[in-house]
Structures are given as structure tokens and as C-alpha cells.
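First comes the structure, then the notes that go with it.
Every chain is numbered from 1 and lettered A, B, ... according to where its sequence line falls, protein lines coming before strand lines.
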There are 2 protein chains.
Amino acid sequence: MSVRVRRSREDVVRTAGRLFAERGYHGTSMRDLGDALGLLGSSLYAHVDGKEGLLAEVIARGAALFQALADEVAAWEDRPTEQLRRLVAGHVRIVTENLDEARVFLHETRFLSPAHRRRVVELRDRYEAAYRDALAKGVAAGVFRPGLDVPFATTVVLSILNSLERWYRPAGPKTPEDLARDLFYFVLEAIT
Amino acid sequence: MSVRVRRSREDVVRTAGRLFAERGYHGTSMRDLGDALGLLGSSLYAHVDGKEGLLAEVIARGAALFQALADEVAAWEDRPTEQLRRLVAGHVRIVTENLDEARVFLHETRFLSPAHRRRVVELRDRYEAAYRDALAKGVAAGVFRPGLDVPFATTVVLSILNSLERWYRPAGPKTPEDLARDLFYFVLEAIT
DNA sequence: CCTACCGATCGGTAGG
DNA sequence: CCTACCGATCGGTAGG
């Protein structure tokens, strides 16, 4: 009954993302991945260099989405509230539309080789800086609470956003747009 | 150079918690665990039934700590703000004092057998209910914001608390007591 | 808790 | 992308 079709490298990476998200990197074998694609584990090596390279690619794709968001909101640096609103909305959109990559990014980065991991940690730090800068600018401009502990608030906001992958369900009561709005106002209440 | 001492079952479970937290369940072999304890992988079977039973025990210990907290705060049901304060403070204390178990509980529960996993999910749901009840009582009593979306706020509060294991560092600028206080007030600002 | 092992599975390769 | 493999490692057991 298995449907035999030619598989692209894109298919391999996307399916790897799904399996790594569901079973974890170490819980997924190359034969598991082959099975999911309708081919043998050994045949995967015609598409990719190896298992770790596949993990690195899945994670790099996730990281690129968040990085693009940080770059995008940089243009709004004169309006910190709008910057924060866009960061929250963009994060929710990325996670809800790329749940597998987001999960692998958050849970499996530690299994990357040191060289790959270093690059990902660097991107994560730059992403965090986008939030910290928006909060700091908002405090300086008087639109957020004076004396706000900016590093702490940054951590809490990212805690909320990074937990989305745990509980977001497409069939849940709120659409991604609802979530973006409600999460933004929850945070805004706490920091103003 | 390796120090040979007699190992207790307690040593095995605690070391398994550390390795499962650091490398993940599927990233830890019974030989890895034996090495960390100064004995052979095969010798572990004198102490435990098998690898999955070891995971179940590490997670059950973590779950028991949270369950005890939920039971404890039930006594304060007439004072929802105090109830929430104690839930947050208790959660921070449990995580900061049992970081390995908390990590395994959060990340490796999905690798339990269906029977073991079902019990853990049940406990987690009861723990979540303690937060939901405190918030609902607070809204009913008029101490929290009228019209607060209680299920949503519950999820956000637990998102914040469950992310602690990601960023808490004993050498960080805030003590666990500082964190408990600051996290509580962050949440309180958002829900009042 | 060690010795000595078991069958199964792992990531990966040579050659087509 | 398959055939036919490789050496290494996996969780686990029998017997002491």
C-alpha cells in the first residue's frame, strides 16, 4: 500500500523535523526516517550528509525565521510598544505555523555538535536582545513602568512565548491572532 | 583513580536523573549510567528493573513534589492571593532545589510507556487545577480582575514557572526567594 | 556487582 | 535509491 514517489531533499528535511519534534533526535533512527518517507534508511545518504547535519538544518531553518522577525521589528525602534506588539505577534505566528521546527529548535539544540550549537546560541542571544532593547527603550521613553527590571522582564516574556509549543493546539479556543493579542496585553499589563 | 564504593538504589536513581536531564533519556545508555556510578552497565540490573522503570521513578519523584505543593495550598482556599503566592513560591523552590528531576519531568515524560505516562499526565492536570482554582476564586471574590480569562491566565502562569528550568542559574543575580517574589508580582500586575 | 554473553539495532559505506 | 554489508553499541540476562 505504500506510495512510492521520488523524494526531494526538502521532503527529507521536513520529515526529519516532524520526527525529531515527536520522538526527539536520539529517539529517531535513520531507519525510522526512511520508513516515514517510504525508503530505506541507507538511501537517505543520497540526500543528506548524515544525521547530525540533518538536525543542524532543521534548527537553522527555525532560527532563520526568528532572526528575520528581529530584523523586521528593528525598523520600529522609535515606537517600543509597537515593536513589542510585533515581536509577540510574529513569534506566535512563527510557532503556530512551524510547530515542528520550533520544538526541535527549543528541545534538540543541545544535541548539536559544539560548532553548530555555538551558531544557534548566538542567534538566540541576538533574538533575545531584540526584546531587551524594546523594553529598555520603552522604559527610557516613559511608556513602560519606570524602574522595570528589563533583563528579568525579557526572560519572563520569552518564557511565555517559548512555552507556546507546549500547549498550542490548532483546534484550541483561540486563533493564533487571538493568542497574539491576548499574550501581548497580558505582558503589557505587567510592564506598564 | 576511580573510587569504588558500594552504590545504593538511591544513588542509581539520582544519577539517572542527572544524566537524563543532561543528555535526555534516549541519549543516555545504561553503560553511561554505569560509568557515572563506577560500575558496569549490566550491574545496574541488580538495583533496578530496567531503563524505563528508572525513568518512571525519576519522574514520579518530581511529580510527587508538585503534588504535595498543590495539597498544601488547598488549605488557603479562602485567600486566593495568598494561595497563588504560595503556589509560585513553592514551584520556584521545587525547581531550584530539584533541577534535574524538574527537567526530566518536563522533557522526558513523553518517552514513558503509555501506562506510566497516563499517571503523570493525571498528576499534571491536578496540579494545573490548583492554579485554575486559585485564579477562579480570586475573580469570584473580586481580588483579581473581573472578566479575567482564567484558563488562559492559568496557562500563562504555568508557562512562566515551567520555563524556570531553562534559565535559572544558582549563580544568577537573583536568589530563589527573589525570583519567587518578582515572578509573583509580575503575574499579579497582569491579573489585577 | 562482575564475567561473559545474547539478538537487535545503530549510523554509515561501497558499489551499482 | 536499492543491495549487501560494516563495526559499534544498544538493553538486557544467566550464572556466579
_Stem list, DNA chain C (Watson-Crick or G-U pairing under 3.5 Å, at least 3 consecutive pairs)_ =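 Consecutive-pair runs (3 or more) involving DNA chain C: C:1-16 with D:1-16.
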Please check if [X] and [Y] belong to a single hydrophobic cluster, counting links between Ile, Leu, Val, Met, Phe, Trp and Tyr side chain heavy atoms closer than 4.5 Å.
{"X": "B:Val121", "Y": "A:Trp167", "result": "no"}
{"X": "B:Leu183", "Y": "B:Leu65", "result": "yes"}
{"X": "A:Leu123", "Y": "A:Leu87", "result": "no"}
{"X": "B:Val150", "Y": "B:Trp76", "result": "no"}

*In terms of ring plane angle, is the pair A:Phe66 and A:His91 parallel, tilted or perpendicular, where the classes change at 30° and 60°?*
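A:Phe66 vs A:His91 ring planes: tilted.
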Nearest-nucleotide pick for [X], side chain only, options being [options]:
{"X": "A:Ser43", "options": "C:dT3, D:dC1, D:dT3", "answer": "D:dC1"}
{"X": "A:Arg6", "options": "D:dC1, D:dT3, C:dC5", "answer": "D:dC1"}
{"X": "A:Leu39", "options": "C:dT3, C:dG11, D:dC1", "answer": "D:dC1"}

Taking atom [atom2] of [N] as reference, at what distance in whole Å does atom [atom1] of [X] sit?
{"X": "B:Arg31", "N": "C:dC1", "atom1": "CZ", "atom2": "C1'", "value": "15 Å"}
{"X": "B:Arg23", "N": "D:dT9", "atom1": "CZ", "atom2": "C1'", "value": "15 Å"}
{"X": "A:Leu33", "N": "C:dT9", "atom1": "CG", "atom2": "C1'", "value": "16 Å"}
{"X": "B:Arg9", "N": "C:dC1", "atom1": "CZ", "atom2": "P", "value": "13 Å"}
{"X": "B:Leu44", "N": "C:dC1", "atom1": "CG", "atom2": "C1'", "value": "10 Å"}
{"X": "B:Leu40", "N": "C:dT3", "atom1": "CG", "atom2": "C1'", "value": "9 Å"}
{"X": "B:Met30", "N": "C:dT9", "atom1": "CE", "atom2": "P", "value": "18 Å"}

Quick check: are there more than 12 heavy atoms from other residues, nucleotides or ligands sitting under 6.0 Å from [atom1] of [X]?
{"X": "A:Arg145", "atom1": "CZ", "result": "yes"}
{"X": "B:Asp78", "atom1": "CG", "result": "yes"}
{"X": "A:Asp49", "atom1": "CG", "result": "no"}

*When the nearest nucleotide of DNA chain C is assigned to A:Asp32 and to A:Ser42 on a heavy-atom basis, which residue is associated with the more 5' position?*
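Per heavy-atom nearest nucleotide, the more 5' residue is A:Asp32.
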*Members of residues 47-59 of chain B that approach DNA chain D, where some heavy atom sits under 4.0 Å away*: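 Residues of residues 47-59 of chain B that come under 4.0 Å of DNA chain D are, in numerical order, B:Gly50, B:Lys51.
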*Look at A:Tyr45 and C:dT13 and indicate whether a side-chain polar atom (N or O) is within less than 4.0 Å of OP1 or OP2.*
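Answer no for this pair, as no side-chain N or O of A:Tyr45 is under 4.0 Å from OP1 or OP2.
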_Between B:Ser29 and A:Ala46, which residue's closest nucleotide on DNA chain D lies nearer the 5′ terminus?_
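Per heavy-atom nearest nucleotide, the more 5' residue is A:Ala46.
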*Heavy atoms only: give me the nearest A:Gly24-B:Arg110 pair and the separation to one decimal.*
N-NH1, 4.1 Å
